[in-house]
Amino acid sequence: MINSTKFSYFTLGAYFDFGLFDYVSVMIIVSLYILTVCVNILLIVVICMNRSLHEPMYIFLCSLFVNELYGSTGLFPFLLLQILSDIHTVSLPFCFLQIFCVYTYANIEFCNLAIMSYDRYLAICCPLQYKMHMKHNKTALLIVLTWLYPFLAIIVLISLSSSLQLCGNIINKVYCDNYSIVKLACSDTAVNNIYGIVYTIATICVVILILYTYIKILLVCFSGSKQTRQKAVSTCTPHLASLLNFSCGCFFEIVQNRFNMKHVPHMLRIFLSLYWLTCQPLFNPVLYGLNLTKIRIICKSLVFGHM
């Protein structure tokens, strides 16, 4: 007989009394969130307002920056509320809403990086056919698919998890996580596990496809002139850095979920679980803003032009 209970909330068990460090944490989170929102909005406005940046590469970047705003807004305000609260609980609907935001953010991030790698491949390896392949309607279609596929995939994931019978309501994390909820289930989770494996494999395939694309780009570039190599490296470096940073952050999170990490210090576990959600939304705009010449010049003129 299944000893399940109908819970109306989850308790986040990773929080503990930090003492004075609570206020330091709040200041750090508020500063990070404000900075993340400001730099992403700045770059979105720069791309939208300058016709010279209305090219596929920059339009895909704009989609990426919108996703950074979306992901950070799905996490930072929630963290602030939990740190300032004495009771670390979250209602079931809000918990699943946060899972939806966090998981779609991650999936959209990889899909964005995938279409950006495809765009760079066409621009560098097939420059003569680039405009034919990357028309405005195809650019728009790729962006729609980048957002639509993750939304549909995560809706299915949450539908499967929300129907489970639970034998507990304690999530040992600082935010809601789908795998932690599945582990609390006392009903059959075979369908959830199969779907989770398929979803993970699909994401890994996207990452492999991105890496394969950049390997092809680098092979073509290093067989060309010095100028071609320099241009390709300067263009592809931020894309690769972004992919590696986010992939490593996701890898830390997957390892924490799948393996017993009790031997790792508690604060380090919290940092690793938050790294991919807190650093990437700030890392990307700073990285692209500094490395892409067109964006850097326009940003400089906006920030320092009237000084």
Side-chain angles (χ1 to χ4, degrees), residues 7-45 62-110 112 147 150-151 154-155 157-158 161-162 169-181 242 245-246 249-250 252-253 256-257 266-267 269-286:
F7 296 102
S8 60
Y9 65 90
F10 289 106
T11 300
L12 300 173
Y15 288 95
F16 61 93
D17 185 13
F18 290 101
L20 290 173
F21 190 68
D22 277 348
Y23 300 101
V24 177
S25 301
V26 167
M27 289 177 65
I28 292 171
I29 291 168
V30 169
S31 301
L32 272 174
Y33 185 51
I34 291 172
L35 191 58
T36 299
V37 169
C38 288
V39 293
N40 279 288
I41 288 178
L42 171 66
L43 293 178
I44 290 167
V45 170
C62 190
S63 172
L64 187 73
F65 299 145
V66 169
N67 189 46
E68 305 305 355
L69 283 176
Y70 168 66
S72 56
T73 302
L75 179 73
F76 281 107
F78 176 81
L79 284 179
L80 285 172
L81 286 173
Q82 289 297 324
I83 291 171
L84 294 171
S85 175
D86 293 326
I87 302 171
H88 306 295
T89 59
V90 55
S91 66
L92 256 71
F94 193 85
C95 190
F96 283 115
L97 176 63
Q98 187 180 51
I99 291 169
F100 178 80
C101 291
V102 168
Y103 278 55
T104 50
Y105 161 73
N107 211 328
I108 292 166
E109 191 81 2
F110 280 122
N112 254 312
W147 286 76
F151 273 58
I154 303 307
I155 285 171
L157 187 79
I158 289 174
S161 299
S162 60
N169 69 335
I170 298 174
I171 298 174
N172 291 313
K173 302 195 74 170
V174 292
Y175 60 89
C176 291
D177 170 70
N178 184 70
Y179 187 69
S180 298
I181 292 173
S242 178
N245 181 67
F246 193 64
C250 290
F252 292 147
E253 178 62 3
Q256 279 204 89
N257 279 335
H266 189 68
M267 286 296 292
R269 273 185 282 157
I270 292 175
F271 172 77
L272 290 176
S273 69
L274 290 174
Y275 177 81
W276 66 294
L277 291 168
T278 55
C279 292
Q280 188 76 359
L282 185 59
F283 181 78
N284 272 341
V286 172

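Note: hydrogens, waters and symmetry copies are ignored here, and every other heavy atom, side chains too, is used. Along the sequence shown, the residues carry numbers beginning at 1.
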Euclidean distance, [Y] [atom2] relative to [X] [atom1], rounded to 0.5 Å:
X      : Y      : atom1 : atom2 : value
Asn284 : Cys279 : CG    : SG    : 11.0 Å
Leu84  : Leu80  : CG    : CG    : 6.5 Å
Leu282 : Cys38  : CG    : SG    : 10.5 Å
Phe7   : Ile181 : CZ    : CD1   : 12.0 Å
Ile270 : Ser25  : CD1   : OG    : 9.0 Å
Phe94  : Leu81  : CZ    : CG    : 7.0 Å

Give a yes or no on whether the backbone of [Y] and the side-chain of [X] come within a donor-acceptor separation of less than 3.5 Å.
X      : Y      : value
Asn169 : Tyr9   : yes
Glu109 : Pro281 : no
Thr11  : Gly13  : no
Ser161 : Leu157 : yes

With the side chain counted from C-beta on, respond yes when [X] and [Y] share a heavy-atom pair under 4.5 Å apart, and no when they do not.
X      : Y      : answer
Cys176 : Val90  : yes
Trp276 : Phe252 : no
Phe283 : Thr36  : no
Thr278 : Ile29  : no

Ile41 and Phe65: CA distance, side-chain angles, deciding distance, side-chain contact (heavy atoms from CB on, under 4.5 Å) verdict: CA-CA 8 Å; Ile41 288 178; Phe65 299 145; over 6 Å; no
Step-by-step side chain to side chain donor-acceptor pair (under 3.5 Å) determination, Tyr105 to Glu68: CA-CA 8 Å; Tyr105 161 73; Glu68 305 305 355; 2.8 Å; yes
Would Trp147 and Ser63 count as having a side-chain donor-acceptor pair, cut-off 3.5 Å?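 Ser63 and Trp147 do have a side-chain donor-acceptor pair below 3.5 Å.
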Side-chain donor-acceptor pair present, Tyr70, Asn40, cut-off under 3.5 Å: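 There is no such pair between these side chains.
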Worked check of side-chain contact (heavy atoms from CB on, under 4.5 Å) between Gln82 and Leu12: CA-CA 9 Å; Gln82 289 297 324; Leu12 300 173; 3.9 Å; yes
How far apart are the closest heavy atoms of [X] and [Y], and which atoms are they?
X      : Y      : answer
Pro150 : Ile108 : CG-CG1, 3.6 Å
Cys101 : Thr104 : O-OG1, 3.1 Å
Val39  : Pro285 : CG2-CG, 3.6 Å

Would you please indicate if the ring centroids of Phe100 and Phe151 are separated by under 6.0 Å?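 Under 6.0 Å, so yes.
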Under the side-chain contact (heavy atoms from CB on, under 4.5 Å) rule, what do Gln280 and Ser72 come out as? Steps first, then yes or no, please. CA-CA 9 Å; Gln280 188 76 359; Ser72 56; over 6 Å; no
For side-chain contact (heavy atoms from CB on, under 4.5 Å), just list the numbers for Asp177 and Ile99, CA-CA rounded to whole Å, side-chain angles, deciding distance to a tenth of an Å, and then say yes or no. CA-CA 6 Å; Asp177 170 70; Ile99 291 169; 5.7 Å; no
Show, in sequence, the C-alpha distance, side-chain angles and deciding distance for Tyr33 and Thr73, and conclude whether the side chain to side chain donor-acceptor pair (under 3.5 Å) test is met. CA-CA 8 Å; Tyr33 185 51; Thr73 302; 3.1 Å; yes
So if I apply the ring pair (Phe, Tyr, Trp, His ring centres under 6.0 Å) rule between His88 and each of Tyr15, Phe78, Tyr175, which one comes out positive?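 That would be Tyr15.
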